[in-house]
Amino acid sequence: MPKSCKIVGLLCFFALFLLCACASNKAGIASPELPPRHWLDEAPGVPVENKSKLEAAVPNLYNPEKKFDFEDCVFLTIQQSPTLVNSAVEIEIKRLAVTDAVWKYLPEPRMTLTVSNNITRYNMGEKNTPGDYGRTKLRAGFYAPFPNPVATHFERKAQQIMVNLAISTHRKAVGETILNIAKAYVRLKAQREILTAEKALVPLVKDLITYWKQVEAIDGRQGVSLDMARQEQREVELTVEKTNMQEIMDRTKLKVLAGVEPQQRLNVDTDNADEILAGFDGKNLRWEDRWPATEDDLLLRSQIKLSDYNIMLAWAQYVPAMNMWVNNSPPEGQSNPPNGAEDTFLHLSFDFPLIDWGRRYRGVQTARMQKAQAFHDLARKRTEYSNKWLEAEQKASLAQTELKLSQTRYDTAEMKYKEAKISFEEGTIEYPDLYEMESQMLEARIDLIQAELEYKLAQLDWMYVANVLQERFLGLPAKE
């Protein structure tokens with residue numbers, strides 16, 4: 001079979017191979033849905049039993065009878081929140097990088113095609129000139145650069161660490177989202193209680209207006225007391241309207257956080273909002289014991305391990321590069337005779353510099369210094385965590401003191417109201433005096449609700465710092 005036919009057949013085979021590769025099944029697979037709908041299954045350290053709750057949150061989203069309690073809203077947010085898309089996509093990107101690193105263990109065969117012809121033909125009439133002198137020649141060759149085995153091994157391990165870092169980063173984002181949802185539920189419940197207390201002032205002001213109308217009808221004079229009562233009624237109505245608008249805004253923020261359109265109805269059940277803090281007592285916990293349960297500790301320890309791999313990657317640069325060639329280029333001393341057939345040769349080449357001017361050594365030293373930085377970051381973050389713990393503890397203690405003070409003021413206002421009510425029934429005081437005591441009691445009640453809200457928010461912050469709130473849904477962090 002002529003050599004040209006062989007080359008043409010080889011080219012046809014190569015083209016057929018390319019067409020088959022382009023038409024493979026992998027090319028037709030649709031892109032995965034992002035974020036992954038069930039990323040909890042693959043994330044290390046996440047309780048598998050939460051999968052059923054995750055699946056149950058979304059199908060009932062459009063059910064008008066569905067009431068979303070705190071847990072339902074958390075799993076709904078994990079399922080479709082737009083704020084978690086970036087970190088979820090990053091997990092998929094890092095997993096693809098791991099697969100890419102694994103395939104680097106194998107050499108990448110390549111094919112070269114060379115088309116040659118004479119530009120000048122000075123030897124056309126010379127003796128012993130080959131019969132194909134002056135004709136176009138087509139040469140095919142093959143070569144495969146071998147990857148650095150040491151670098152490939154540690155790159156794969158480094159990419160696996162990067163996957164774990166991406167998962168931990170995503171879990172941190174989820175934990176922060178859980179905290180925001182918990183605060184939203186606590187605020188919504190407090191808003192409803194405040195709204196109830198403010199609405200209780202409306203009939204009292206109306207009774208006050210009726211009283212002053214009767215007084216003026218008897219006295220036959222126009223006084224400022226009636227105008228002041230009407231002005232106070234307007235103020236109470238505006239306050240109720242403001243609280244209503246604040247509740248709508250808080251509910252809209254919760255919808256946006258959960259990935260629900262603001263126009264869509266989200267029936268939130270805040271009756272169990274107090275159960276979020278059930279069983280939590282930060283004073284019985286120590287920050288030294290909770291620090292290993294945080295994602296930051298895992299992230300920083302993984303950074304140290306990643307630095308070890310980066311050091312080995314720097315050392316791997318000392319390994320020489322190796323290439324394998326298959327072509328018709330003869331080495332010295334094995335030239336083809338003028339009228340002979342061309343031989344095919346196998347070439348192995350090793351490429352390494354004799355002097356690199358310290359570049360590889362500087363790379364190793366840089367990687368070592370980066371590991372030292374990772375150690376210092378771990379110590380610094382641990383200190384920052386202890387400071388955050390102390391700040392959260394002090395904030396909770398201050399809020400608790402404010403709550404006790406508000407409770408005392410409310411008790412005092414309630415006692416004054418009861419005394420004024422008895423005096424009013426005995427006829428010793430007028431209705432405006434009773435109204436003043438009752439309105440002060442309701443205002444003290446509103447202050448008490450707000451103080452309770454601040455105390456719960458401070459407890460939630462402390463609970464988040466201790467990783468207790470996230471642990472309920474995500475479990476403990478994985479070990480590197």
Side-chain angles (χ1 to χ4, degrees), residues 33 35-40 46-47 49-85 88 173-200 202 237-280 445-446 449-450 452-457 459-461 463-464 469-470 472-474:
E33 186 175 6
R37 296 184 66 83
H38 302 301
W39 71 272
L40 287 172
V46 177
E49 60 269 15
N50 285 343
K51 177 185 175 183
S52 60
K53 297 180 180 179
L54 177 66
E55 293 176 338
V58 176
N60 296 326
L61 176 60
Y62 299 99
N63 184 359
E65 303 298 329
K66 171 66 177 176
K67 287 187 176 181
F68 285 86
D69 59 13
F70 172 62
E71 286 193 355
D72 290 334
C73 195
V74 167
F75 287 112
L76 173 66
T77 304
I78 292 175
Q79 181 83 358
Q80 61 178 35
S81 174
T83 60
L84 303 177
V85 170
V174 173
E176 185 176 351
T177 302
I178 293 173
L179 173 64
N180 293 332
I181 294 174
K183 287 184 174 181
Y185 265 76
V186 171
R187 285 195 184 98
L188 281 174
K189 184 177 182 180
Q191 290 288 349
R192 290 182 179 180
E193 294 176 354
I194 292 174
L195 185 61
T196 301
E198 289 175 349
K199 286 182 177 180
V202 176
E237 290 174 350
L238 289 175
T239 303
V240 172
E241 184 178 348
K242 174 187 174 183
T243 306
N244 268 322
M245 183 56 64
Q246 185 64 47
E247 183 181 0
I248 293 174
M249 291 177 61
D250 291 339
R251 193 180 299 274
T252 302
K253 290 179 181 178
L254 185 59
K255 290 180 181 180
V256 173
L257 189 64
V260 179
E261 294 182 0
Q263 298 81 6
Q264 184 175 330
R265 182 188 177 202
L266 183 66
N267 194 355
V268 176
D269 182 13
T270 60
D271 293 339
N272 66 338
D274 293 335
E275 298 178 5
I276 300 174
L277 290 165
F280 174 73
R445 172 62 182 162
I446 294 173
I449 295 172
Q450 291 176 342
E452 289 176 346
L453 173 61
E454 293 300 324
Y455 176 66
K456 291 176 182 178
L457 294 178
Q459 287 286 97
L460 283 174
D461 286 332
M463 196 176 183
Y464 172 76
L469 183 62
Q470 307 92 298
R472 181 186 305 177
F473 298 93
L474 304 179

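Keep in mind it's a predicted model, so treat the numbers as computed, not measured.
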| query | Taking all non-hydrogen atoms of both residues, which atom of P262 and which atom of V256 are closest, and how far apart? | reply | CG-CG2, 4.4 Å
| With E198 via side-chain hydrogen bond (donor to acceptor under 3.5 Å, both in side chains) - residues at least two apart | T243
| remark: Across all chains, not counting sequence neighbours, the side-chain hydrogen bond (donor to acceptor under 3.5 Å, both in side chains) partners of R445 are none
| query | Which pair of non-hydrogen atoms, one from I78 and one from L84, has the smallest distance, and what is that distance? | reply | CA-CD1, 4.0 Å
| remark: Of all heavy-atom pairs linking C73 and Y185, the shortest is CB-OH, 3.4 Å
| request: State which residues pass salt bridge (charged side-chain N to carboxylate O under 4.0 Å, His left out) with E454; sequence neighbours excluded, sorted by chain then number. | output: none
| If you measure from CG on L188 to NZ on K253, what distance do you get to the nearest 0.5 Å? | 10.5 Å
| query | What pair of heavy atoms forms the shortest contact from L254 to A184, and how long is it? | reply | CD1-CB, 3.9 Å
| Rounded distance (nearest 0.5 Å) linking atom CD1 of I194 with atom NZ of K199 | 13.0 Å
| remark: Here the gap from R251 atom CZ to R187 atom CZ, rounded to the nearest 0.5 Å, amounts to 14.5 Å
| field | Residues in side-chain contact (heavy atoms from CB on, under 4.5 Å) contact with Y455, at least two apart in sequence or another chain | value | A399, Q400, L403, Q459
| task | Using the test side-chain contact (heavy atoms from CB on, under 4.5 Å), find all partners of E275 that sit at least two apart in sequence or belong to another chain. | result | N272
| task | Take R192 and E247 through the test salt bridge (charged side-chain N to carboxylate O under 4.0 Å, His left out) and record every step on the way to the result. | result | CA-CA 8 Å; R192 290 182 179 180; E247 183 181 0; 3.5 Å; yes
| Checking ring-ring contact (aromatic ring centres under 6.0 Å, His included) for the pair F75/F68: CA distance, chi angles, key distance, verdict? | CA-CA 10 Å; F75 287 112; F68 285 86; over 10 Å; no
| said: Please enumerate all residues that pass side-chain hydrogen bond (donor to acceptor under 3.5 Å, both in side chains) together with D274, with sequence neighbours excluded. | reply: K189, K456
| Residues two or more places apart in sequence or in another chain: which of them pass side-chain contact (heavy atoms from CB on, under 4.5 Å) with E237? | Q233, R234
| Any chance the side chains of E176 and N180 put a donor and an acceptor closer than 3.5 Å? | no
| query | Does the side chain of Q246 reach to within under 4.5 Å of the side chain of Q191, using non-hydrogen atoms? | reply | yes
| task | Hey, could you give me the CE/CG distance between M245 and D250, rounded to the nearest 0.5 Å? | result | 11.5 Å
| note | When rounded to the nearest 0.5 Å, the distance separating CG of L460 from CG of L469 is 6.5 Å
| said: Can you list everything that forms a side-chain hydrogen bond (donor to acceptor under 3.5 Å, both in side chains) with K183? Sequence neighbours excluded, please. | reply: D461
| Can you list the residues that meet the side-chain contact (heavy atoms from CB on, under 4.5 Å) rule with A190, with sequence neighbours excluded? | I449, L453
| field | I446 side, atom CD1; T196 side, atom OG1 - distance, nearest 0.5 Å | value | 10.0 Å
| field | Y464 backbone acceptor or donor facing Q470 side chain under 3.5 Å | value | yes
| Of the non-hydrogen atoms in I178 and F473, which two are nearest, and what is the gap between them? | CD1-CD1, 3.9 Å
